[in-house]
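Each remark here refers to the structure printed beneath this line.
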Amino acid sequence: MRTQEEFAAEDDDFDRPSKSQLKRDMTELQALGEELLTLPASRLEPLALPEILSDALRAAKKITSHEGRRRQMQYIGKLMRRIDPEPLREAVAAFKLGHAKDSLALHQSERWRERLLADDSALQQFINEHEGIDVQQLRSLVRAARKDAAAAPEQRSGRAFRDLFQFIKTEQLRGSPDENSAEDSADE
């Protein structure tokens with residue numbers, strides 16, 4: 001019969017990760033490789049990836065076959081074992097965050113457009129929140145968009161809606177230059 005010390009001695013032999021853990025790690029690296037494929041080339045260049053990995057990523061973007069792409073992703077995962085994945089994860093996260101901020105800004109502009117078309121008090125609120133706005137142009141755009149909305153569906157052009165949206169979006173961007181400059185200085 002074996003003693004507790006013998007069992008403890010055997011446990012010390014297993015310092016390396018289990019086979020299951022290694023597979024989870026490899027799958028995670030493949031998923032990171034998939035996310036790297038979503039990044040534009042301008043975001044990949046500053047990462048200073050090894051040339052072989054850059055070539056593999058470029059090739060994966062061209063592959064349309066399901067099985068070929070799966071095998072290429074396995075290859076990318078294998079190549080990524082040799083590099084530190086943390087800067088890559090940070091680059092992917094920063095890219096996703098940028099898209100989320102852009103999407104949020106568009107949704108806010110869309111909500112403002114709906115509020116301006118529905119309520120006259122929203123017009124004054126928008127003017128109060130955005131100093132230096134061209135009030136006359138805003139009023140004429142709102143008036144044109146309301147007129148277009150009142151027209152029969154066959155007679156609507158939609159141009160007034162688009163123009164009002166573009167005006168609001170531009171004012172939203174112009175209205176928050178301190179946030180944009182803070183982000184730009186943080187990126188440098």
Side-chain angles (χ1 to χ4, degrees), residues 28 30-49 54 57-66 69 72-73 76 85-188:
E28 188 177 306
Q30 286 178 27
L32 181 59
E34 284 281 351
E35 291 176 340
L36 283 175
L37 290 178
T38 64
L39 295 179
S42 62
R43 293 280 185 132
L44 288 175
E45 290 170 6
L47 297 176
L49 297 174
S54 297
L57 287 169
R58 266 188 250 111
K61 287 182 180 182
K62 296 177 185 177
I63 296 174
T64 57
S65 165
H66 175 72
R69 186 174 174 89
Q72 185 69 14
M73 293 315 303
I76 289 171
E86 279 313 306
L88 304 179
R89 285 188 183 104
E90 290 172 8
V92 168
F95 182 68
K96 286 182 179 179
L97 180 63
H99 275 310
K101 285 182 180 178
D102 292 344
S103 179
L104 178 63
L106 290 177
H107 287 299
Q108 287 174 338
S109 297
E110 200 170 303
R111 281 194 296 275
W112 265 116
R113 178 179 61 182
E114 291 170 5
R115 287 176 56 198
L116 288 170
L117 293 176
D119 189 16
D120 287 332
S121 63
L123 181 66
Q124 190 59 42
Q125 185 180 5
F126 189 81
I127 293 169
N128 291 340
E129 287 185 18
H130 298 85
E131 290 183 19
I133 190 172
D134 186 356
V135 178
Q136 185 176 3
Q137 183 181 10
L138 176 63
R139 288 183 194 274
S140 68
L141 287 171
V142 170
R143 194 172 27 255
R146 286 179 180 169
K147 183 179 176 183
D148 196 34
E154 302 85 36
Q155 296 172 344
R156 290 183 190 162
S157 68
R159 179 181 174 99
F161 286 110
R162 289 189 301 273
D163 290 345
L164 179 60
F165 180 78
Q166 290 301 323
F167 181 82
I168 293 168
K169 186 173 80 169
T170 303
E171 286 302 318
Q172 294 277 78
L173 291 174
R174 188 186 65 80
S176 58
D178 53 331
E179 293 174 7
N180 294 338
S181 63
E183 290 174 7
D184 291 344
S185 63
D187 289 344
E188 294 172 4

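Quick note: residue numbers are just sequence positions, from 1.
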Could you tell me whether K147 atom NZ has more than 12 heavy atoms of other residues or ligands within 6.0 Å of it? no
In Å and rounded to the nearest 0.5 Å, what is the CD to OG distance from E114 to S109? 11.5 Å
Would I76 and L36 satisfy side-chain contact (heavy atoms from CB on, under 4.5 Å), going step by step from the backbone distance to the final call? CA-CA 10 Å; I76 289 171; L36 283 175; 5.8 Å; no
Worked check of salt bridge (charged side-chain N to carboxylate O under 4.0 Å, His left out) between D148 and R162: CA-CA 11 Å; D148 196 34; R162 289 189 301 273; over 6 Å; no
L49 and S54 have their tightest heavy-atom pair at CB-OG, 3.6 Å
Starting at CG of L117, measure out to CH2 of W112 and round the result to the nearest 0.5 Å. 12.5 Å
Just to verify, what does E86 make a side chain to side chain contact (heavy atoms under 4.5 Å, CB included) with, not counting sequence neighbours? D84, R89
Derivation of the side-chain contact (heavy atoms from CB on, under 4.5 Å) call for F126 and E171: CA-CA 10 Å; F126 189 81; E171 286 302 318; 4.1 Å; yes
If you round to the nearest 0.5 Å, how far is CZ of R58 from CG of L37? 12.0 Å
Just distance, no hydrogens or angles: give the donor-acceptor pairs under 3.5 Å from side chains in residues 134-145, sequence neighbours left out.
unit_1	atom_1	unit_2	atom_2	d
D134	OD1	Q137	N	3.4
S140	OG	Q136	O	3.4
S140	OG	Q137	O	2.8

Minimum heavy-atom distance between A91 and L39, given as atom pair plus value: O-CD2, 4.3 Å
Ignoring hydrogens and geometry, is there a side-chain-to-backbone donor-acceptor pair from R69 to T64 under 3.5 Å? no
Has R113 got a side-chain atom pairing as donor or acceptor with F161's backbone, closer than 3.5 angstrom? yes
In terms of heavy-atom contacts, Q30 and M73 come closest through CG-O, 3.5 Å
Looking only at side chains, do N128 and Q124 share a donor and an acceptor under 3.5 Å apart? yes
Are T38 and K96 close enough that some pair of their side-chain heavy atoms sits under 4.5 Å apart? no
